[in-house]
Structure formats: C-alpha cells, structure tokens
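Ligands are counted one by one from 1 in listed order, and the atoms in each one are counted from 1 as well. Note that the structure is predicted; figures quoted are calculated from it, not measured.
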Amino acid sequence: MKIIRTKDYGEMSRRAAGILAAQVILKPDSVLGLATGSTPEGLYRELAEMYERGELDFSDIHTVNLDEYRGISPDNDQSYRFFMQKHLFSKVNIRPECTFVPNGEEADAEKACAAHEAVIKKLGGIDIQLLGIGNNGHIGFNEPGNEFVNETHCVALTESTIAANARFFASVSEVPKEAYTMGIGTIMRAKKILLVANGEQKAEALYRTCCGPVTPEVPASVLQLHPDVTVVADEAALSKIG
Ligand code: PGA
C-alpha cells in the first residue's frame, strides 16, 4: 500500500483528484469506480474545476458506483445517484448513459445486484476504484462481519452506519435500512484502488486497515492483499500510523 499523507482535507482532495485526473488523461476511455460520502466531495469539486479549465475530457469515460440505498428513487436528494449528479455528472461532459449506479428502485435485490455486476463485466472491469472508509472499516456497504462477500449484493446496514448517515436525513427512522453494494471481490478486481480518508474519527479504522490483520471484521483490511492501492489521507486520519 502506498500512503500519501496530506496536511488537511483540501490537500487530500487535490492529491486524490490529481490521481483520478491522471487516469482520465492517460486512458480517456477508463472505467472509473466512484464513491459517495462527505470525503470525496472536495475531490469531485477539484475534478469539475479541472474540467472547467479544459484540462479533462470525460466524453469517453464510463463510471460505476459502489453502492446505493435499496428502496430509494434517483431523484430523492439522499440517493447516491442524486449525489453523483450533483457533485460530478452535471459538472462535466460525461454521457449520462455511461454512468452506472446500482438501481435503488429495483425491489428485486437479486436482479439489481446481478445487473450491476453484469455492467462492470461488460465494461471490461474497473480501471481505478475510489473508496472512502467507514468509521467501522467498511468499504462500500461491506460492513464488518464474518465473511468477505464476493459480488454485488444486498446488505442490512449496521446500527453504526445508520447512526453515521442519520445526519443527512430528517430523522434516524428515515435512513434506509438496506443497500446494494459492490462485493469485496468486485472491489478487489479493480486494477487500481484509491482510498481517501480525513479526520480523527477515521484514524482507528485506517490503522486497522493498513496495519492490522486481514479480517472481515475490518472489511477494508482486505486491501492489503491488492497489488495497487494508494491511500490519500490527512494527518488526523493517519495519526495512529507512524
Ligand atoms: P464519509 O463516508 O465519506 O461520509 O465519511 C465514508 C464511508 O462510509 O465509506
């Protein structure tokens, strides 16, 4: 694992955006695996600015997202499709039909998950997968447990994830209880992984990811087994790693 230590969130965002931008420039028809959450907002802003300056062209890019809540419509402002539209897709020249987020409106979980997995295979796999990390070490919505699940699947969110996401909803009871998420195998098959993290609240999870045993109790720890992982994190998130 390569670790890039930054002084703060702004520098984390710029450095991580630079890595994604390099991917887009070097392989203009890349398949980008994308993530939602507070952490990548700054890097999407950076990418949009680079596009505005004429430095990036997304016209041949495809994107696949990690996850989506189950039972949510794309125009719900808490859906991950809505997040992606707002923070990236509406800001750059990506073709809408080339952006894939699991279909949260599809009630048939098996169908929704198989369709997402099929899209990734049809595109020839993911060139670079962007990841945030949960306070509990989750990646996508692969929550701590006793096994690594291979492909895109439906998960029940843990109490800690529901509590962490409640800040975006009117009340905790409105947070969806299930989600569709790429599996650990789906993520590990990406050619490159870029994990971003900031803030003290991620320090323990990041320490266990990079320095602890590989265990499904800390889903992100599996990344130790991937040959091309770059972690871009600020000092606070790296405070437990010497
Ligand atoms: P965050 O979420 O970026 O909002 O902290 C990360 C995650 O849970 O994967």
Distance under 4.0 Å to a non-hydrogen atom of [X]: what atoms of ligand 1 satisfy this?
X	answer
Thr39	1 (P), 3 (O), 5 (O)
Gly132	9 (O)
Arg167	4 (O)
Gly37	3 (O), 4 (O)

Looking only at protein heavy atoms, identify the closest one to [atom] and say how far it is in Å.
atom	value
atom 4 (O) of ligand 1	Ser38 N, 2.9 Å
atom 9 (O) of ligand 1	His138 NE2, 3.4 Å
atom 5 (O) of ligand 1	Lys202 NZ, 2.6 Å

Decide whether [X] and [Y] meet the rule of one side-chain donor and one side-chain acceptor closer than 3.5 Å.
X	Y	result
Thr161	Glu143	yes
Arg167	Ser38	yes
Ser30	Gln23	yes
Arg14	Thr6	no
Tyr180	Asn65	no
Thr152	Glu117	yes
Asn136	Arg208	no

Between Thr36 and ligand 1, does any nitrogen or oxygen pair lie at a separation below 3.5 Å?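 No, since none of the N or O atoms of Thr36 sits under 3.5 Å from an N or O of ligand 1.
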
Which part of Ile133 is near ligand 1, with near meaning a heavy atom under 4.0 Å away: side chain, backbone, both or neither?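 Near ligand 1, Ile133 shows its backbone, while the atoms from C-beta on stay back.
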
Measure Glu41 to ligand 1 on non-hydrogen atoms and call it side chain, backbone, both or neither using the 4.0 Å cut-off.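 No part of Glu41 comes within reach of ligand 1.
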
